[in-house]
Novice: 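Structure provided below as structure tokens; questions to follow.
Atoms within a ligand are numbered from 1 in the order they appear, just like the ligands themselves. Residue numbers run from 1 in the order of the sequence given.
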Amino acid sequence: MSTIAAFYGGKSILITGATGFLGKVLMEKLFRTSPDLKVIYILVRPKAGQTLQQRVFQILDSKLFEKVKEVCPNVHEKIRAIYADLNQNDFAISKEDMQELLSCTNIIFHCAATVRFDDTLRHAVQLNVTATRQLLLMASQMPKLEAFIHISTAYSNCNLKHIDEVIYPCPVEPKKIIDSLEWLDDAIIDEITPKLIRDWPNIYTYTKALGEMVVQQESRNLNIAIIRPSIVGATWQEPFPGWVDNINGPNGIIIATGKGFLRAIKATPMAVADVIPVDTVVNLMLAVGWYTAVHRPKSTLVYHITSGNMNPCNWHKMGNTTSTHSSGKPWCHTESSIAGQLDTVAHFIIGFELKNAFPRMENTWHAGVQVLATFEKIPFERPFRRPNANFTSNSFTSQYWNAVSHRAPAIIYDCYLRLTGRKPRMTKLMNRLLRTVSMLEYFINRSWEWSTYNTEMLMSELSPEDQRVFNFDVRQLNWLEYIENYVLGVKKYLLKEDMAGIPKAKQRLKRLRNIHYLFNTALFLIAWRLLIARSQMARNVWFFIVSFCYKFLSYFRASSTLKV
Ligand SMILES: CCCCCCCCCCCCCCCCCCCCCC(=O)SCCNC(=O)CCNC(=O)[C@H](O)C(C)(C)COP(=O)(O)OP(=O)(O)OC[C@H]1O[C@@H](n2cnc3c(N)ncnc32)[C@H](O)[C@@H]1OP(=O)(O)O
Ligand SMILES: NC(=O)C1=CN([C@@H]2O[C@H](COP(=O)(O)OP(=O)(O)OC[C@H]3O[C@@H](n4cnc5c(N)ncnc54)[C@H](OP(=O)(O)O)[C@@H]3O)[C@@H](O)[C@H]2O)C=CC1
């Protein structure tokens with residue numbers, strides 16, 4: 001029997017952010033491996049017209065919890081949803097509920113946060129800093145509390161290049177910021193925000209750093225640990241591969257690429273794509289909960305759960321891995337038809353989509369062709385254009401792609417919508433997508449080094465059985481397999497597309513490919529016609545080609561007549 005699984009048996013566990021991506025996988029694993037746990041308290045707010053109970057039922061009825069229902073049929077009775085809004089000062093928890101939480105809780109996993117990069121400072125501080133302080137205050141009044149696990153992010157100190165498993169001080173004390181936000185009005189806050197966040201890329205990472213400082217300052221005698229995951233991605237193995245349920249991080253980009261909206265991205269191809277599967281993060285969280293409660297380390301330990309230093313994958317490879325089965329040549333179109341050749345010639349001469357002509361142009365990688373291989377195998381339904389992907393770290397090239405591959409098609413499509421009496425929407429959608437992509441750019445153009453001594457130490461402390469059941473050894477991850485499952489998971493669980501629709505989607509891709517070739521050929525012919533009309537040299541080249549072809553055909557005809 002696993003020591004960690006046994007540890008959670010009979011325990012009352014409080015989870016914040018249980019309705020989020022990480023929180024759901026955490027609950028699932030807890031119920032599956034420790035079905036004899038006493039209760040999981042979750043702090044939930046009503047949302048999107050759903051009551052607390054409806055939200056809980058929706059989670060438990062999802063595919064993610066299918067295995068749990070087999071192992072723990074009374075799972076509904078073991079979840080206790082408590083009304084709470086972390087935006088409010090005392091979380092708006094009723095007296096009775098608060099009493100129960102304070103007297104019964106054994107372990108806390110604090111996952112709730114605002115993860116939006118564009119949130120207001122006021123809201124982000126309230127949720128990521130003040131709420132953390134409030135929860136710590138509650139924790140200090142819990143006589144049975146054994147461990148408090150705070151989920152931060154590996155990017156909370158992304159203004160540094162090398163990040164150790166320590167809590168770094170912030171230039172301004174969190175308490176001062178909390179106090180000043182109470183009396184400053186929103187206009188002033190907006191004005192001072194850039195000065196406050198300095199070299200942090202956004203309010204999210206900045207407030208997560210403040211949150212860690214609060215944990216350090218308010219830890220009192222509690223057993224606390226901080227976990228810092230990097231970019232949390234779809235499940236690797238558990239409960240099944242590829243599960244994902246929100247459009248954050250890579251997920252939205254995969255959708256936008258698979259649907260043919262996003263065809264180029266400003267990314268440094270060799271920068272580390274520090275994606276970490278969500279089940280790996282959850283396994284570490286549970287191991288840390290056990291270690292913190294049982295071994296009671298003297299100080300607050302920070303654990304990095306990242307992939308870069310153990311099993312690195314870069315953005316190029318991330319786009320690339322899925323494709324090794326197909327062409328194997330990153331610079332070639334997977335089709336080798338005449339149309340394909342024509343396409344290349346058209347691109348070469350017109351200079352339209354430079355990457356086809358100069359695939360290894362400095363700073364430009366053609367990794368996207370490899371991503372295409374997955375999308376060709378598992379295409380998304382009703383794509384806007386054929387999926388394509390270009391990585392470029394050059395700002396000029398990126399602007400070029402935005403104009404040619406994103407804005408121009410959107411404008412053309414909107415004209416078409418207008419002409420057919422419909423409301424134009426593509427330009428708006430594209431602007432929104434490009435804004436989102438621009439917010440992620442900071443993270444895909446840099447690499448960080450995270451030390452993982454504590455995480456490795458913990459791994460060595462686990463029994464072989466625990467290492468198996470709570471595996472967070474990312475060295476065993478096969479990126480090729482993982483990314484394929486990831487894309488499949490996005491299709492199945494996020495887009496809710498049926499696998500039966502694949503043949504139809506493939507047909508549509510073929511149609512789009514033909515339109516693409518037709519369009520490029522037409523462009524080539526128009527450009528060539530214009531060139532011939534204006535340049536004597538072009539005319540000479542044209543006559544030379546025509547006479548050469550004529551001679552070749554005559555020779556071919558003559559030799560075949562002779563044979564007869
Ligand atoms: C071409 C080449 C491609 C090749 C492909 C190759 C492979 C892949 C390469 C990948 C490279 C990627 C790298 C990622 C790096 C990430 C780094 C993270 C580092 C930090 C990690 C962390 O430590 S922490 C978590 C990270 N934190 C986020 O990652 C939030 C960010 N993001 C936002 O901060 C907001 O997103 C932002 C942006 C403000 C926009 O905001 P926005 O308002 O414009 O858009 P939203 O995203 O909010 O939503 C838009 C509409 O989608 C609706 N929707 C939401 N979920 C839905 C659902 N499940 N199903 C249906 N619909 C859903 C929603 O309801 C809206 O619909 P409506 O408009 O109708 O309401
Ligand atoms: N996803 C990632 O890539 C990474 C995430 N992390 C960290 O992991 C943690 C979990 O992230 P993730 O699951 O992805 O985020 P999600 O956005 O999926 O979940 C956030 C959770 O916080 C809850 N929450 C937000 N505001 C409130 C509120 N006012 N009152 C009560 N609950 C609230 C949400 O509830 P509701 O459903 O009601 O909105 C939801 O359950 C966060 O601390 C994040 O910083 C760290 C690194 C990477």
Novice: Under 3.5 Å between any N/O of Gly23 and any N/O of ligand 2: does that happen in this structure?
Specialist: no
Novice: Does a salt bridge link Lys29 with Glu238, judged by any charged N lying under 4.0 Å from a carboxylate O?
Specialist: yes
Novice: Is His110 close enough to touch ligand 2? Criterion: a residue heavy atom under 4.0 Å from a ligand atom.
Specialist: no
Novice: With a 4.0 Å heavy-atom cut-off (strictly under), which part of Lys208 contacts ligand 2: side chain, backbone, both or neither?
Specialist: side chain
Novice: Under 3.5 Å, is there a donor-acceptor pair linking the side chains of His76 and Asn74?
Specialist: no
Novice: Among Pro229, Ala48, Ser152, which one puts a heavy atom closest to atom 7 (C) of ligand 2?
Specialist: Ser152
Novice: At less than 4.0 angstrom from any non-hydrogen atom of Thr19, what atoms of ligand 2 do you find?
Specialist: 34 (C), 35 (O), 36 (P), 37 (O), 38 (O), 40 (C), 41 (O)
Novice: Tyr204 near ligand 2, heavy-atom distance under 4.0 Å?
Specialist: yes
Novice: Search all heavy atoms of Ala5 against all heavy atoms of Phe470 and return the closest pair with its distance.
Specialist: N-CE1, 3.8 Å
Novice: In terms of atom number and element, which parts of ligand 2 are under 4.0 angstrom from non-hydrogen atoms of Ser230?
Specialist: 47 (C), 48 (C)
Novice: Out of curiosity, is Leu43 lining ligand 2, as in a heavy atom under 4.0 Å away?
Specialist: no
Novice: Pick out which of Ile231, Thr280, Val272, Val474 makes a side-chain contact (heavy atoms from CB on, under 4.5 Å) with Ser307.
Specialist: Val474
Novice: Can you find a non-hydrogen atom of Gly249 under 4.0 Å from ligand 2?
Specialist: no
Novice: How are the rings of Tyr486 and Tyr482 set to each other: parallel, tilted or perpendicular (split at 30° and 60°)?
Specialist: perpendicular
Novice: If you measure from atom 12 (P) of ligand 2 to every heavy atom of Leu22, Asn87, Ile305, Leu52, which option wins on shortest distance?
Specialist: Leu22
Novice: Out of curiosity, Ser156 OG to Ile167 CD1, how far, rounded to the nearest 0.5 Å?
Specialist: 9.5 Å
Novice: Is the distance from the ring center of Phe240 to that of Tyr493 below 6.0 Å?
Specialist: yes
Novice: Heavy atoms only: which of Ala113, Gly17, Cys111 lies closest to atom 20 (C) of ligand 2?
Specialist: Ala113
Novice: What is the ring orientation for His295 with Tyr291, classed by angle as parallel under 30°, tilted 30 to 60°, or perpendicular over 60°?
Specialist: parallel
Novice: Provide the number and element of each atom of ligand 2 under 4.0 Å from a heavy atom of Asp85.
Specialist: 28 (C), 29 (N), 30 (N)
Novice: Tell me whether Ala154 has any N or O atom under 3.5 angstrom from an N or O of ligand 2.
Specialist: no
Novice: With nothing but distance in play, are any N or O atoms of Phe21 less than 3.5 Å from an N or O of ligand 2?
Specialist: yes
Novice: If the plane angle is over 60° it's perpendicular, under 30° parallel, otherwise tilted; pick one for Tyr206 and Trp200.
Specialist: perpendicular
Novice: Can you find an N/O atom of Thr153 closer than 3.5 Å to an N/O atom of ligand 2?
Specialist: no
Novice: Any carboxylate oxygen within less than 4.0 angstrom of a Lys/Arg side-chain nitrogen, looking at Lys69 and Asp61?
Specialist: yes
Novice: Please check whether Lys47 reaches ligand 2 - meaning an N/O of the residue sits under 3.5 Å from an N/O of the ligand, judged on distance alone.
Specialist: yes
Novice: Parallel, tilted or perpendicular, judged at 30° and 60°: which one describes the rings of Tyr155 and Phe443?
Specialist: perpendicular
Novice: When you look for heavy atoms under 4.0 Å from ligand 2, do you find them on the side chain of Val115, its backbone, both, or neither?
Specialist: side chain
Novice: Relative to each other, are the rings of Phe380 and Phe375 parallel, tilted or perpendicular (30° and 60° limits)?
Specialist: perpendicular
Novice: Numbering the atoms of ligand 2 from 1, which are under 4.0 Å from a heavy atom of Ala112?
Specialist: 22 (O), 23 (C)
Novice: Just jot down the ligand 2 atoms closer than 4.0 angstrom to any heavy atom of Arg55, in number order.
Specialist: 36 (P), 37 (O), 38 (O)
Novice: Flag the pair Glu497 and Lys259 as a salt bridge only when some basic side-chain nitrogen lies within less than 4.0 angstrom of an acidic carboxylate oxygen.
Specialist: yes
Novice: Quick one: does ligand 2 sit under 4.0 Å from the side chain of Ala131, the backbone, both or neither, non-hydrogen atoms only?
Specialist: neither
Novice: Which is it for Asn246 and ligand 2 at heavy atoms under 4.0 Å: side chain, backbone, both or neither?
Specialist: side chain
Novice: Tell me which part of Leu127 gets within contact of ligand 2: side chain, backbone, both or neither, using heavy atoms under 4.0 Å.
Specialist: side chain
